[in-house]
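Here, residue 1 is the first one in the sequence, and each next residue gets the next number. For ligands, and for the atoms within them, numbers begin at 1 and follow the listed sequence. Just so we're clear, the structure is a prediction, and the values are computed from it rather than from any experiment.
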Amino acid sequence: MYEEILPELIVENDTKLVLLVLDGLGGTTDDRGITELEAAHTPNMDALAKVGSCGLHRAVGYGITPGSGPAHLGLFGYNPLKYQIGRGILEAFGVGMDVGPGDLAMRGNFATMENGIITDRRAGRIPTELCEKLVEKLKDKITKIEDISVDIKAGRDYRFAVVLRGNGLSALLSDADPQMTGKPPVKAMPLSPIAEKTARIVNKFIDMATEILKDEHPANTVLLRGYAKLADIMTSTQKYGMRAVGIAVYPMYRGLARIVGMDCPDLPGESIEDEINMAKKLWNDYDFFFIHIKKTDSYGEDGNFDAKVKVIEEVDEKLPQILSLNPDVIAITGDHSTPSVLKSHSWHPVPLLIKGRYTFADDAQKFSERECAKGIIGHIPAEAIILLMMADAGRLKKFGA
Ligand code: ZN
């Protein structure tokens, strides 16, 4: 947002900003008329809501249900429609692979082929352990094709991700996936002459994998699709003049933070406590701290209202530890809503709370969807959040005379 004027407005100082994201935080009312955030006992967030500014944000736009990828880019201040992250990259991030500039990432499925016909696109949904074994087999034999190095990692069930690294790779290819059973396998076709080499490599990969898997059953071939390269994106240091760190347990969110140039240290464990301890440890080394809590979304997707409430309460209980670091500005929000009544992400606006030195103490008395609707921030695009935080931290100077 405001990319054309931002470079001349940036001020560097030693303020500390914290963006605490509870994934899928927002909800919608259930048949009792309440949301998870309303049901949760959150004295610390409520106290902050009283003295801070509240509002609601939309990660992508009106009525749009976002995936976590675009939703996080929005939170980091990047237009999620302009910087789209391909499926292959999210798949690779999800299994903890690195995707660098120029790399080509894609999604893979193990599949079943009988008499030259794809009879199951998911190879009978083989278990993850078998998928891992088969990926090891492929990795042993396929490390390089022509001058391109090949990296493979198992995902869940029948899924895996492939990252190709080398010169001249292009994502302009058709899927090597017939999309339905009862058809012969299809080759990846270049959609532009610049993708001819990549198509050749992808098709060689499939041929080699099929040869290696020929005695396996039901997973005796592979399908590849969702080719993606990283968008050319300015890092948060270049864009905002802030050294940023992403503290997240799940690999996909670490990958998303890395796209915008955040460092993502390895954590010693997976608890909220481990994440907060990492923020404490790195407090002097960074300006901007993105802290990601995943389980709110997971329980929302499970339709488990009470478990989502518990995670919110746990974060609330730990919040004083973050506040004791004395951040100049803290924002608490979600990347999108995941109402447990829907068991999925949704388009509902996401509660947002910002507390800095100069934030307006509005009428919101509690951190909830309903109270945030009373707040002075109003309804904003997610992209604006980081600018409001920076303004309060004295990091944006006057525009024009
Ligand atoms: Zn999410």
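- Nearest to the Zn ion (ligand 1), among the N, O or S atoms that Asp335 has, is OD2.
- A cation-pi contact, defined as under 6.0 Å to the ring centre and within 45° of the axis, is absent between Arg395 and Phe288.
- Using a 4.0 Å cut-off between a side-chain N of Lys or Arg and a carboxylate O of Asp or Glu, Arg122 and Asp157 do not qualify as a salt bridge.
- Rounding to 10 degrees, one finds that the Zn ion (ligand 1) sits at the corner of an angle of 130° between Asp23 OD1 and Ser68 OG.
- The side chain to side chain contact (heavy atoms under 4.5 Å, CB included) test applied to Glu313 returns Ala40, His41, Val309, not counting sequence neighbours.
- The side chain to side chain contact (heavy atoms under 4.5 Å, CB included) search around Glu196 returns Pro190, Pro193, not counting sequence neighbours.
- Between the Zn ion (ligand 1) and the N, O or S atoms of His336, the shortest distance is to NE2.
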